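The next block holds one structure in the form of structure tokens; read it before the comments.
Computed from a predicted model, the values in this text were never measured in an experiment. These values consider heavy atoms only, across backbone and side chains, with no hydrogens, waters or symmetry-generated copies. We're numbering straight along the sequence, starting at 1.
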Amino acid sequence: MQITRLSAAECEDLYRSALPRDFPAAELKPFAEIQRLLESGVYEPLLLTDDAGARLAYAWQVVLPGQRTALLDYFAVRYDLRGSGVGTAALGLVRDYDAMRVHDLVLECEHPVSHS
């Protein structure tokens, strides 16, 4: 599994294609707010892929300059891979990605609901 940081355009594409399926509408902040966070340099939209580049999961986080705590704002595993261990591996990769600059990663968890 690999981790890459998305460009603003890639972030918007994923926001429009995947987030509405993965999160209830009430949980989605407007993309204009995400764009503002991206431009301020505190928002990190991360994509986790297999070796061929296929999306497995995504983890979007807020990391404030000079702070040792990050907020995992959105995290989702591709629907057909849920329950397979991909999420555990993805969170481990995010932890490793953040290890040199972040001491704590704050997660907010919701009860899973089908959004099909």
Side-chain angles (χ1 to χ4, degrees):
M1 188 178 301
Q2 301 172 20
I3 191 167
T4 57
R5 190 167 173 170
L6 296 174
S7 69
E10 292 167 326
C11 182
E12 185 171 10
D13 286 345
L14 190 59
Y15 177 88
R16 305 228 182 271
S17 65
L19 272 77
R21 181 186 57 244
D22 295 332
F23 295 93
E27 295 288 325
L28 294 177
K29 59 178 59 72
F31 190 75
E33 184 177 338
I34 291 173
Q35 183 70 36
R36 183 184 59 77
L37 292 167
L38 286 167
E39 290 170 0
S40 72
V42 301
Y43 208 67
E44 297 182 350
L46 305 174
L47 182 68
L48 298 107
T49 61
D50 64 15
D51 292 337
R55 177 174 51 88
L56 303 175
Y58 54 91
W60 294 7
Q61 60 185 4
V62 177
V63 183
L64 299 175
Q67 301 297 312
R68 300 280 296 162
T69 300
L71 168 67
L72 190 59
D73 198 24
Y74 294 108
F75 176 79
V77 173
R78 201 174 75 202
Y79 189 79
D80 61 318
L81 298 174
R82 293 178 185 169
S84 69
V86 168
T88 300
L91 283 174
L93 192 58
V94 170
R95 178 198 63 221
D96 295 346
Y97 176 85
D98 286 339
M100 295 303 291
R101 63 196 172 112
V102 173
H103 185 264
D104 298 304
L105 184 60
V106 177
L107 310 170
E108 175 188 357
C109 300
E110 303 288 339
H111 186 273
V113 180
S114 175
H115 300 290
S116 302

- Note on the structure: Exactly one of Asp22, Leu46, Leu28 clears side chain to side chain contact (heavy atoms under 4.5 Å, CB included) with Tyr74, and that residue is Leu28
- Determine whether Val106 and Thr69 make a side-chain contact, defined as any pair of heavy atoms from C-beta on separated by less than 4.5 Å. yes
- Task: May I ask you to say whether Arg16 pairs ionically with Glu10, meaning some side-chain N is under 4.0 Å from a carboxylate O?
- Result: no
- Message: Could you measure the distance from the CG atom of Leu107 to the CG atom of Leu71? Nearest 0.5 Å is fine.
- Response: 8.5 Å
- Sub-4.5 Å side-chain heavy-atom contact between Leu93 and Leu91: no
- Message: Counting C-beta onward and ignoring hydrogens, is there a side-chain heavy-atom pair between Val102 and Gln67 closer than 4.5 Å?
- Response: no
- Determine, step by step, whether Tyr43 and Asp73 satisfy the side chain to side chain contact (heavy atoms under 4.5 Å, CB included) criterion, reporting the C-alpha distance in whole Å, the side-chain angles of both residues, the deciding distance to 0.1 Å, and the verdict. CA-CA 9 Å; Tyr43 208 67; Asp73 198 24; 2.6 Å; yes
- Going by distance alone, is a donor N or O of one side chain under 3.5 Å from an acceptor N or O of the other, for Gln2 and Asp50? no
- Output the distance between atom CZ (Phe31) and atom CG (Leu19), rounded to the nearest 0.5 Å. 10.0 Å
- To the nearest 0.5 angstrom, please state how far the CZ atom of Arg95 sits from the CG atom of Leu72. 13.5 Å
- Expected output: side-chain Arg68 to main-chain Asp104 donor-acceptor under 3.5 Å: no
- Item | Leu47 and Arg55, any side-chain heavy atoms less than 4.5 Å apart | yes
- Message: I'd like to know if the side chain of Arg5 reaches the main chain of Pro45, judged simply by a donor and an acceptor atom lying under 3.5 Å from each other, with no hydrogens or angles considered.
- Response: no
- Any side-chain heavy atom of Asp98 sitting closer than 4.5 Å to one from Leu105? yes
- Query: Is the Trp60 ring parallel, tilted or perpendicular to the Tyr15 ring (thresholds 30°, 60°)?
  - Reply: parallel
- Message: Quick check on the hydrophobic clustering: are Met1 and Phe75 connected, directly or via other members, by side-chain heavy-atom contacts under 4.5 Å?
- Response: yes
